[in-house]
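Here the structure is laid out as structure tokens; the discussion comes afterwards.
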Amino acid sequence: MFNEETERVVQKSSGNEIVSDDFQSLDSRNFGYLRCEVPSPENAPDTPDMKSYLRKAIKELQEQLDNVPSNKSSIFVRLGHFHLLLEEYSQALSAYQCYLNISQNSPEDPCVLYGLGIIYFHMKSFQPAVQCLHKVLHLAPCFERATDIHLRLGTICKANREYRTALEHFQIVLQAPGPNQVQAQYYIAHVYQLQSLFLAAKHAYEAILEMKYLTTEMKARVLRQLGRITYMV
């Protein structure tokens, strides 16, 4: 879905119009799903990729900050989203914090909270990451990236050795069809392995080999793990 969105925005932004206006639909929910590198067609080898358009949009928004005397909060939010999509976590955090300073209250925008949660997760600041991600689920129980949130929360719990809670989050992800199911099943198997439940881990790893969204890379990882625990069963 987001590959189509990428190409639509790139095609629409091929003229001289304001690029940032074409990115109204992009926010933190596109993180991990937006293809930032679009192969140039043979008849247009110099077509810029999505990263170039995002950086141009960021430049335009920064220029708007100098010309807009008030109501800058929406600009900072968009800057935060765009920097996040480029995986520029420090710049994204700075933009989101500027928004929070202007709003002078706790954020109620699930997309801002989700963006902050992703940033804190990548910075390994797990406590604020958990707070932000839980608040997203509280404000928007049907949030579009709920499975991604549970996957991250489960990963944090696994790192903190809170294995029961980690398994609860991963089981929620398994109930929603999609590529995240494979990653969740892998983490479930790893949790069993960490608890020395090697037979359960073996069965969980083997189940991945039958899953719909299994990639070649994940298959190789699973086979390596099975090789490591086979003699322990």
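The side-chain heavy atoms of K51 and L85, taken from C-beta on, include no pair separated by under 4.5 Å. Taking the side chain as every heavy atom from C-beta outward, M123 and L93 approach each other to under 4.5 Å. No side-chain heavy atom of L113 sits under 4.5 Å from any side-chain heavy atom of L133. With contacts defined as side-chain heavy-atom distances shorter than 4.5 Å, the pair E87/H122 does not qualify. Between V130 and F121, every side-chain heavy-atom pair lies at or beyond the 4.5 Å cut-off. Side-chain contact between H81 and L26: absent, with no pair of heavy atoms (C-beta onward) separated by less than 4.5 Å. Residues Y205 and I208 have side chains in contact (heavy-atom distance under 4.5 Å, counting atoms from C-beta outward).
In plain terms, the two heavy atoms of A201 and A189 that are nearest each other are CB-O, 3.5 Å. Shown here for L139 and P110, the closest heavy-atom pair between the two residues is CB-CG, 4.4 Å. Closest non-hydrogen pair, F31 versus R152, comes out as CE2-NH2, 3.6 Å. Minimum heavy-atom separation, K158 to L194: CG-CD1, 4.1 Å. For the pair C132 and L116, the tightest heavy-atom approach, listed with the atom from each and the gap, is SG-CB, 3.9 Å. A pairwise comparison of heavy atoms in C111 and S28 identifies O-OG, 2.6 Å as the closest pair.
Separation of the H138 and F143 ring centroids does not fall under the 6.0 Å cut-off. Between F76 and Y96, the ring centre distance reaches or exceeds 6.0 Å. In this structure, Y192 has its ring center no closer than 6.0 Å to that of Y163.
A donor-acceptor pair under 3.5 Å links the side-chain atoms of N30 to the main chain of D27, judged by distance alone. Without hydrogens or angle criteria, Q185 side chain to L174 main chain gives no donor-acceptor distance under 3.5 Å. In this structure, the side chain of S94 does not engage the main chain of S90 through any donor-acceptor pair within 3.5 Å. Between the T147 side chain and the V173 main chain, no donor and acceptor come within less than 3.5 Å of each other. Proximity of a side-chain donor or acceptor of T215 to a complementary backbone N or O of M218 within less than 3.5 Å is detected. Within the 3.5 Å criterion, the main-chain N or O of L65 finds a donor-acceptor partner in the side chain of K72.
Linking ILVMFWY side-chain heavy atoms closer than 4.5 Å, directly or via other members, places I172 and V136 in two distinct hydrophobic clusters.
Atom-to-atom distance recorded for Y53:OH and I58:CD1 is 15.0 Å, nearest 0.5 angstrom. From T165, atom OG1 reaches atom CZ of F170 across 10.5 Å, with rounding to the nearest 0.5 Å. Atom CD of Q91 is separated from atom CD1 of I119 by 10.0 Å, given to the nearest 0.5 angstrom. Between the CG atom in D66 and the CG atom in L61 there is a gap of 11.5 Å [rounded to 0.5 Å]. In this structure, the separation between CZ on R29 and OH on Y114 is 10.5 Å, given to the nearest 0.5 Å. Taking OG1 of T155 as the start and NE2 of H150 as the end, the distance is 12.5 Å to the nearest 0.5 Å.
The aromatic rings of H134 and H169 sit tilted relative to each other, their planes meeting at an angle between 30° and 60°.
Annotation: cation-pi pair R78/Y99 absent, no NZ/CZ under 6.0 Å from the ring centroid and within 45° of its normal.
A side-chain donor-acceptor contact under 3.5 Å links E88 and H83.
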Handout entry: Q127 vs Y120, side chain to side chain donor-acceptor pair (under 3.5 Å): CA-CA, chis, key distance, verdict
Key = CA-CA 8 Å; Q127 184 174 352; Y120 289 131; over 6 Å; no
Practice task
Check the pair R221 / E217 against salt bridge (charged side-chain N to carboxylate O under 4.0 Å, His left out), numbers first and verdict last.
Solution key: CA-CA 6 Å; R221 290 171 62 188; E217 180 182 359; 5.2 Å; no
Practice task
Starting from the C-alpha separation in whole Å, work towards a yes-or-no answer on side chain to side chain contact (heavy atoms under 4.5 Å, CB included) for L137 and L153.
Solution key: CA-CA 11 Å; L137 295 176; L153 289 173; 4.3 Å; yes
